[in-house]
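Heavy-atom basis, side chains included; hydrogens, waters and symmetry copies ignored. Order of the sequence lines fixes the chain letters, A, B, ..., with proteins taken first and strands second; residue numbering starts at 1 for each chain.
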Protein chains: 2
Amino acid sequence: MDQMHSNALTQKLSKFMALTAAEIETLAGVAQRKLTLSTDQGLSQQGQANSAAFILTRGWAFSYILLHDGSRQIVDFRVAGDFLGLRGLLSPMSDLFIEPLTDVEVTEFQIGELLGAGTKVPRLMSAILAGIARDQAITVEHLVSIGRRGAPERTAHFFLELGARLEEAGQGRKDNYACPLTQYHMADALGLSAIHINRVLRELREDGLLTFRKGEVFIDDYDQLSKLAGFDPGYLRAKTVF
Amino acid sequence: MDQMHSNALTQKLSKFMALTAAEIETLAGVAQRKLTLSTDQGLSQQGQANSAAFILTRGWAFSYILLHDGSRQIVDFRVAGDFLGLRGLLSPMSDLFIEPLTDVEVTEFQIGELLGAGTKVPRLMSAILAGIARDQAITVEHLVSIGRRGAPERTAHFFLELGARLEEAGQGRKDNYACPLTQYHMADALGLSAIHINRVLRELREDGLLTFRKGEVFIDDYDQLSKLAGFDPGYLRAKTVF
DNA sequence: CGAGACCTTGATGGCTATCAAGCCGAGTGG
DNA sequence: CCACTCGGCTTGATAGCCATCAAGGTCTCG
């Protein structure tokens, strides 16, 4: 089995730095198990019990929090190459759920083992932290969007970020990618109602900026849309600390 | 013992687990420098250049992002015992600023040295990650608040969280604490206008739930306010991974 | 063909921003 | 000592963004 190429952790961490043979070797010592899950199988409980986290290798997933009144806030969408379930493992968020959005393929590993590898090889720890930090930057930018951008700007920013992340993951182009979200998902992620999302999408389409149709996003005028959203992809860049 | 108490890192990490003598010894090897800063001295640039981060030991600070249109989103307020400047160091957020809100006392350290200590003693790394994860949980809860709670609920939640954090830091009681924020700060943190914050505060006061007056918060009916906000402090609990 | 999930559009209303004005207290300088 | 300024707080009036309610359309699938 050509385990090297199929090693999701190696692929993930090498995005943040060039890994040496020794580092790859160390990572290979972290047991990984590939799983395939379909839409109806929640991921929330999968990891919690046995301290397992995942790397998403195919498909989309999302994490969300349910409020007492039944409303839902989607915290983030996860695509190929993203960590999954790490946040809930490291911090005790109650009512944090993770669900596949499409059929997904994930690679499971023990968080303790990964950190053990990082302890043996500090550069690996640096890469792990870079991954965590990038996710945090995405969350912060999300917070800014909801807090201080109007609905059209917010929506525009959302699709621009997704495009940038998907292109980086080799899952499409930043201005044209498959997107399995419903308008209800977008609404719960962006803090809007689905009805209003619908109107905003129409407006963006009529303005020749962005078209969302049948699970596909076309960004018709990338520059104008970026300008509208105030989108600066700097926060998606990797950065390592030592 | 006295030495322990003067070591900000030891104090911080011991919140997440009981530290052994050997672990305290290792932490003592991380150089720390105490600084005092006043309101007009930004902290943003202080760390970036030389990879320094801080622990806030006295006073309040806050981090925020400036948008192109001049509006501001405050990401979080930091109080005694909190990490400061770690996020900007680990991830490349542009336009992320940190400012003291009062005169502050901070303990500076090199992030590389701290992680070095964590590499030598895995349990320390676990505590560091627990600290990072807690901050992340706070950010996520903030996101939920802005995305899916109305202005009164959001404001209530905000003061309840602050109270819980301050009490834990030994800076007051969860239902009565000093709070140097202006209504403009609250507005930019909560995604509202200062004018509306003012009206919400009046409403909460008239309902006998919470009083904010001259830099002091009184929570008049803790249970009712918690119920209104849907506040569940679970996300503030520490949690270690191994 | 019926059901269900999702999308679309119109009408209405409410929550919150914005504009405008004034108040208060603290610091400052004439 | 007192006007002056400035930051912060307060309140009223108006407007607009977006939620909600209602209804119907389209598509897929059993």
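Using a 4.0 Å cut-off between charged side-chain N and carboxylate O, A:Glu168 and A:Arg134 make a salt bridge. A salt bridge is absent between A:Arg173 and A:Glu216: the closest approach of a Lys/Arg side-chain nitrogen to an acidic carboxylate oxygen does not fall below 4.0 angstrom. A salt bridge links B:Arg165 with B:Asp82: at least one charged nitrogen is closer than 4.0 Å to a carboxylate oxygen.
Aromatic rings from A:Phe158 and A:Phe231 are positioned such that their centres are separated by 6.0 Å or more.
Crowding of A:Arg33 atom CZ: a count of heavy atoms from other residues, nucleotides or ligands under 6.0 Å not exceeding 12.
Applying the salt bridge (charged side-chain N to carboxylate O under 4.0 Å, His left out) rule to A:Arg87 yields the partners A:Asp76; only residues at least two apart in sequence or on another chain are considered. For B:Leu66, the side-chain contact (heavy atoms from CB on, under 4.5 Å) criterion is met by B:Tyr64, B:Arg72, B:Phe97, not counting sequence neighbours.
Contact annotation: A:Gln183 reaches the phosphate of C:dT8 (side-chain N/O to OP1 or OP2, under 4.0 Å).
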Side-chain donor-acceptor pairs of residues 192-199 of chain B under 3.5 Å, sequence neighbours excluded:
from     : atom 1 : to       : atom 2 : distance (Å)
B:Ser193 : OG     : B:His196 : N      : 3.2
B:Asn198 : ND2    : B:Gln183 : OE1    : 3.0

What's touching nucleotides 14-21 of chain C from the protein side, N or O pairs under 3.5 Å?
from   : atom 1 : to       : atom 2 : distance (Å)
C:dT16 : OP1    : B:Ala151 : N      : 3.1
C:dA17 : OP1    : B:Ser193 : N      : 3.0
C:dA17 : OP2    : B:Ser193 : N      : 3.1
C:dA17 : OP2    : B:Ser193 : OG     : 2.9
C:dT18 : O4     : B:Arg199 : NH2    : 3.4

Using a cut-off of under 3.5 Å, enumerate the N/O to N/O pairs linking the protein to nucleotides 23-28 of chain C.
none

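Relative ring orientation between B:Phe159 and B:Tyr177 is described as tilted, the plane-to-plane angle lying within the 30° to 60° band.
For the pair A:Asn198 CG and C:dT9 P, the interatomic distance rounds to 6 Å; values are reported in whole Å.
Chain A approaches DNA chain D within less than 4.0 angstrom (heavy atoms of the protein), and the contacting nucleotides run 5' to 3' from D:dC18 to D:dA22.
The only member of A:Ile74, A:Ile65, A:Asp188, A:Ile146 that meets side chain to side chain contact (heavy atoms under 4.5 Å, CB included) when paired with B:Arg148 is A:Asp188.
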